[in-house]
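Accompanying notes for the structure given below.
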Amino acid sequence: MSDGNVVSAYVSDAELDAEATVRPKRLDEFIAQHRVRDQLDLLLKGAMRRGSPPDHILLSGPPGLGKPVSVDALVLLEDGSRRRLGDIVVGDRVITRTGDAANVTAVHEQGELDSVRIRTGSGREVVAAPDHPFWTPDGWAKAGDLTDRDLLANVLCPDLIAVSNQDTAEYKLAGYLIGDGCTTNQVTFTGGDEDVLADFRATCDVLGHPHKTGPNSARSSLIRISGLIPWLGEHGLLGKNAWQKRVPEFVFRGDSWQIAAFLGAYFACDGTVSRRGRDRYDVVVEFYSVSRELLADVQHLLLRLGIQSRLKLKRGRYQGRPHESWRLSVTSQDDVARFVERITVIGERGRRLTEWAPRRDRFEERLAADRVVSVEQAGLHECRCLTVDGDHTFTVNDFVVHNTTLANIVAAELGSGIRVTSGPAIERSGDLAAILTSLAEGDVLFIDEIHRIAKPAEELLYSAMEDFRVDVVVGKGPGATAIPLDVEPFTLVGATTRSGLLTGPMRDRFGFVAHLDFYSPTDLEALLHRSARILGVPITDDGAVEIAGRSRGTPRIANRLLRRVRDFAEVRADGVVTLETARAALTVYDVDALGLDRLDRAVLTALVDLFRGGPVGLSTLAVAVGEQPDTVEEVCEPFLVRAGLLARTPRGRVATEAAWHHLGRNPPNGTFGAATVAAPDLFSAAPEQP
């Protein structure tokens, strides 16, 4: 990085990618799961000695592998267009964090998930699941862990392939009409700058559209244009008022010169340039509109030219009434200099820009930083994620995001390639056949959520797993023919959080089934010491014990809490993660001694205080804490039950004696008999074996 506001794309991942760095790369780095690790070690070494692929592997463990984003987020494609994440298909080429394009190899449907809404200082926002990673100066950070101290990355000047068939003059015409054009009745253009009016008429002449100029007021003229109705209808501009205008789709597919022509014409109509006090900044470039969506489009186009901007709501009065509009501001002097360098503006605004243009003070960077201002609960949203070739990144709403560990370890131990997909992405047997026939000898095929694979594809997988061949049916009806295709010997690694949903024939074809357990506090302590060494965080034994005890037996949570405690230690302590520092930090982040967060405690408190320990129905309990029943059942209850704090009974949810004591309450007399043996919980020591 050249300063605190820029994220360089050229700093090595080993230094920046905190999330990926702490993940084990080889089997000997894999902490805990000792039984599974030893079994895998025997399986892999035996296969390598024989010179053959190992048996197929099924990994069954707790949920938490999905990294989805709202289907309404916009993904930048190689041709410059932006498409809803929900409309992306396998084979699309999306822009990654390097600015280059890569193929989408799989689409993962995640369904409705509890999500967070992230807003940044530039005015951008995106909805994502709390586990989805975003690229920051410190590496990958999950959406739910972001704070107002974090910076998210925007890709500057991506390498796009312009495929637009429009003349550059059409880009300029669109900019002028969106700025000061009327397309609701007659097609007209109004302006008071003679240079802008002359350039507009010249643009119409180039495109062959007749026009006629007349007076509009003492200071402005009105130009009527003929023959534009079909063109306006084709590009979605016909009959649009100021609140409905958007950047036409063809503009996004233009090259940098064509986009600059559009922006220059639009700025000549709805832009301002002013000078401010030097104690803060000098030259300010701004666009104004009542349409937030229009300025959000313009903000994206500016970023394509390497220019950062900030979108804000502007409240005032118009004709004596309250009025709201939007302002898109370019305030960084380096960005203003880049604006003047790359966008030509006709008329008085253009002359002022040229006269006041500041000098640039930064080198080119492929990524720029956008500070987080808020992360809020957003409720349930339909989500999905992608698998992308290369560095497994893509952009959503201009933010860089990422697309499991154990499958990659298997591939690394074997020294072979790995192909990653998911069960929901394989809808037809032909999809699976294409993947299988593309594998090289010895490759690893990893199928996440394998229990959700389509039935026809599952049946095709049987012969591939056993005989390394597939039968592809060509044609329909009586003329259909089955063509046998050979598949190179490969190893299938399937992952599932619900092994009970796997069919018997599928489960029986795996030569090795690994049931992953939650980590013990001792194993998590070892993992935290390893992660702390990699991240360069000084940590004491007591500090590791404290974090491990609040990590719910999950390595991902332990690493997340370690990074948050690191922040606290660096800002409010001496930088060392001690017992006192860890306790103080986790108190700030609402994580109590058992690892319960705010929502977990709210569920227990409602159960104990409002319903005297239960039993109470799920829907009633969810209403009491202001959450959806699915959220309480899927997010809170699994850990509360595992920790021995809540019991599910036929009559409803019941708080255990441990829950009363954890909240500092005394259960009513007779609720729990003196002779009752407490249910074992996650934190109890295992009984000694005789």
Side-chain angles (χ1 to χ4, degrees), residues 18-19 21-24 28-37 61-62 64 138 141-142 144-145 405 516-601 604 636 638-645 656 658-659 661-664 678-689:
E19 179 69 19
T21 302
V22 298
R23 295 175 182 168
D28 57 5
E29 299 175 357
F30 201 71
I31 295 174
Q33 310 294 347
H34 306 289
R35 173 178 48 80
V36 173
R37 184 177 60 183
D138 291 325
K142 295 174 186 174
D145 295 339
T405 300
L516 304 180
D517 301 320
F518 289 97
Y519 282 45
S520 69
T522 302
D523 290 329
L524 286 176
E525 291 167 29
L527 180 144
L528 285 165
H529 279 294
R530 175 182 179 273
S531 298
R533 287 195 303 272
I534 294 173
L535 297 174
V537 181
I539 187 171
T540 66
D541 291 341
D542 289 341
V545 169
E546 187 66 22
I547 298 174
R550 306 190 188 202
S551 298
R552 300 185 177 219
T554 306
R556 180 178 294 174
I557 295 176
N559 286 326
R560 182 187 71 196
L561 295 181
L562 174 63
R563 295 199 302 275
R564 299 289 70 80
V565 174
R566 172 194 62 181
D567 295 341
F568 183 93
E570 291 175 351
V571 175
R572 300 186 182 178
D574 59 0
V576 179
V577 177
T578 63
L579 173 63
E580 294 75 16
T581 302
R583 284 179 177 173
L586 295 173
T587 299
V588 170
Y589 290 110
D590 290 327
V591 180
D592 70 13
L594 294 186
L596 272 61
D597 59 20
R598 180 199 59 80
L599 183 57
D600 296 325
R601 288 195 300 277
L604 284 186
C636 301
F639 179 68
L640 294 176
V641 171
R642 205 169 71 246
L645 301 173
T656 66
H661 294 316
H662 181 68
L663 295 177
D681 60 46
L682 181 68
F683 310 100
S684 301
E688 295 184 3
Q689 299 295 327

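All values reported here derive from a predicted model rather than from experimental measurement.
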Spacing of [atom1] belonging to [X] relative to [atom2] belonging to [Y], to within rounding of 0.5 Å:
X: H662; Y: L645; atom1: NE2; atom2: CG; answer: 6.5 Å
X: I547; Y: D542; atom1: CD1; atom2: CG; answer: 11.5 Å
X: T578; Y: R583; atom1: OG1; atom2: CZ; answer: 10.0 Å
X: L561; Y: L586; atom1: CG; atom2: CG; answer: 5.5 Å

- [ ] Test side-chain contact (heavy atoms from CB on, under 4.5 Å) on T581 and V576 and set out the steps.
- [x] CA-CA 8 Å; T581 302; V576 179; over 6 Å; no
Contact summary for [X] and [Y], nearest pair of heavy atoms:
X: V591; Y: R550; value: O-NH1, 2.7 Å
X: G644; Y: T656; value: O-OG1, 2.6 Å
X: A582; Y: G543; value: CB-O, 4.2 Å
X: L579; Y: E546; value: CD1-OE1, 3.3 Å

Task: Full working for side-chain contact (heavy atoms from CB on, under 4.5 Å) between D541 and E525 - done: CA-CA 8 Å; D541 291 341; E525 291 167 29; over 6 Å; no
- [ ] Would you please test V577 and L528 for side-chain contact (heavy atoms from CB on, under 4.5 Å) and show each step?
- [x] CA-CA 11 Å; V577 177; L528 285 165; over 6 Å; no
